[in-house]
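Notes follow once the structure below has been shown.
By convention in this document, chain letters (A, B, ...) are assigned in the order of the sequence lines, proteins followed by strands, and residues within each chain are numbered from 1.
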Amino acid sequence: MFRPASNESGFFDRTSVEVAPALLGARFTRHSSLGDVSLRITEVEAYLGVGEDPGSHSFRGRTARNAVMFGPPLHLYTYFTYGMHVCANIVCSPEGQASAVLLRAGEIVAGVEYARSNRGEQVTNRDLARGPARLTKAMGIPLSDDGADLMGAVYTLELVDQVQDVGTSVRTGVSGPGGLAEYPWRFFIPDDPTVSPYRASVPRRRT
DNA sequence: GCTGCGATTGACT
DNA sequence: GTCAATCGCAGCT
């Protein structure tokens with residue numbers, strides 16, 4: 001059952017839309033000095049590359065921020081948003097192409113106490129990593145881990161418990177011209193309580 | 001150099 | 001259901 005992710009088979013050379021559903025059920029672990037934290041992935045979203053996906057950070061080409069997306073697969077891409085939140089992605093596609101899978105939600109299956117110390121003592125197990133920014137906070141993933149190796153000393157990914165029944169829907173929180181919300185690139189485990197509640201993208205009001 | 005806004009969350013009505 | 005917080009990036013002047 002233990003199957004550490006590697007790219008020997010070229011599995012991660014495929015696009016994020018192909019890889020994303022296969023990551024559901026996988027175990028993603030961060031090894032820290034305070035102990036390991038493991039996540040069972042229950043919800044992801046796929047983002048494609050230059051000129052392919054108007055909702056992707058890489059749509060307009062390579063920049064300092066998204067450089068890691070253009071690098072080799074099986075690396076971590078982190079970014080900072082809304083002035084306060086960190087989100088984490090798994091880079092896919094061969095080097096030079098930019099596609100990534102956003103980790104939207106999961107269930108903390110090891111290191112629950114560590115996760116709770118990051119999120120707050122009142123937070124229920126179900127809510128610890130229910131949402132992309134909650135997930136990174138629970139696991140203690142810092143923005144500075146952008147580009148980290150997912151087969152390395154700090155992060156590991158194990159393709160275990162892969163699910164057969166995959167739910168799909170339009171992506172959350174993505175807005176803009178051209179009907180971005182129509183891309184059905186959100187994948188989740190149906191009826192799993194840790195899947196984040198769907199919120200349609202709402203244009204922000206001015207003050 | 002300046003400005004608008006985002007792959008969100010938590011607090012509040 | 002509504003809304004503020006908060007800051008780096010990208011696009012424009």
Rounded to whole Å, the OH-P distance (A/Tyr79 to C/dT6) equals 20 Å

A/Phe59 atom CZ is separated from B/dG6 atom C1', nearest whole Å, by 16 Å

Original post:
For the base of C/dA5, is there a side-chain donor-acceptor partner from A/Tyr82 under 3.5 Å away?
Top reply: no

Separation of B/dA7 atom C1' from A/Tyr183 atom OH, nearest Å, is 15 Å

Check: A/Leu159 and A/Leu23 side chains under 4.5 Å, non-hydrogen atoms = yes

Using only heavy-atom distances, determine whether the side chains of A/Asp145 and A/Tyr155 contain a donor-acceptor pair under 3.5 Å. yes

Rounded to the nearest 0.5 angstrom, the CE-CD distance for A/Met151 and A/Glu8 is 8.5 Å

In whole angstroms, the gap separating P of B/dT8 from CD1 of A/Ile141 amounts to 16 Å

Any non-hydrogen side-chain atom of A/Leu76 less than 4.5 Å from a side-chain atom of A/Asp146? no

Here the distance between atom C1' of C/dG8 and atom OH of A/Tyr77, to the nearest Å, is 11 Å

query: Do A/Thr42 and A/Thr194 have a side chain donor and acceptor closer than 3.5 Å?
result: yes

**Asked** Just to confirm, is there a sub-4.0 Å distance from OP1 or OP2 of C/dC9 to any side-chain nitrogen or oxygen of A/His57?
**Response** no

Listing for DNA chain C: consecutive Watson-Crick or G-U pair runs of at least 3, distance cutoff 3.5 Å, ranges ordered by first number, gives B:1-6 with C:7-12, B:8-12 with C:1-5

Inset, instruction - Could you check if a side-chain atom of A/Tyr79 sits within less than 4.5 angstrom of a side-chain atom of A/Asn89, using non-hydrogen atoms only? - result: yes

Does A/Arg130 put a side-chain nitrogen or oxygen below 4.0 Å from OP1 or OP2 of B/dT9? no

Can you establish whether the number of heavy atoms outside A/Glu121 located under 6.0 Å from its atom CD is more than 12? yes

Using the rule that Ile, Leu, Val, Met, Phe, Trp and Tyr join whenever any side-chain heavy atoms are under 4.5 Å apart, tell me whether A/Phe59 and A/Val17 fall into a single cluster. no

Margin query: Under a 3.5 Å distance rule, please check whether A/Arg30 uses its side chain to pair with a backbone N or O of A/Thr156 as donor and acceptor.
Written below: no

If only atom types and distance count, is the side chain of A/Thr29 paired as donor or acceptor with the main-chain N or O of A/Ser38 below 3.5 Å?
no

Within residues 61-69 of chain A, the residues having a heavy atom closer than 4.0 Å to DNA chain C are A/Thr63, A/Arg65

Regarding the side chain of A/Phe80, the nearest nucleotide among C/dA5, B/dT9, C/dG8 is C/dG8

Handout entry: Whole-angstrom distance between B/dA7 and C/dG1, as gauged at atom C1'
Key = 24 Å

- Message: Regarding A/Arg186, tell me which of base, sugar-phosphate or nothing describes its non-hydrogen contacts under 4.0 Å with the strands shown.
- Response: nothing

Separation of B/dG6 atom P from A/Asn89 atom CG, nearest Å, is 18 Å

Residues in residues 13-26 of chain A with a heavy atom under 4.0 Å of DNA chain B, by number, are none

From CG of A/Asn118 across to P of B/dG10 the rounded distance in Å is 13 Å

> So A/Arg40 and A/Asp192, salt bridge (Lys or Arg N to Asp or Glu O under 4.0 Å) or not? Walk me through it.
Replying inline: CA-CA 11 Å; A/Arg40 173 177 168 262; A/Asp192 191 289; 3.0 Å; yes

Separation of B/dT8 atom P from A/Glu43 atom CD, nearest Å, is 10 Å

With centres under 5.5 Å and planes under 30°, do A/Tyr47 and B/dA7 count as stacked? yes

Intermediate values then yes/no, salt bridge (Lys or Arg N to Asp or Glu O under 4.0 Å), A/Glu45 and A/Arg104
CA-CA 7 Å; A/Glu45 278 178 9; A/Arg104 284 197 57 85; 3.5 Å; yes

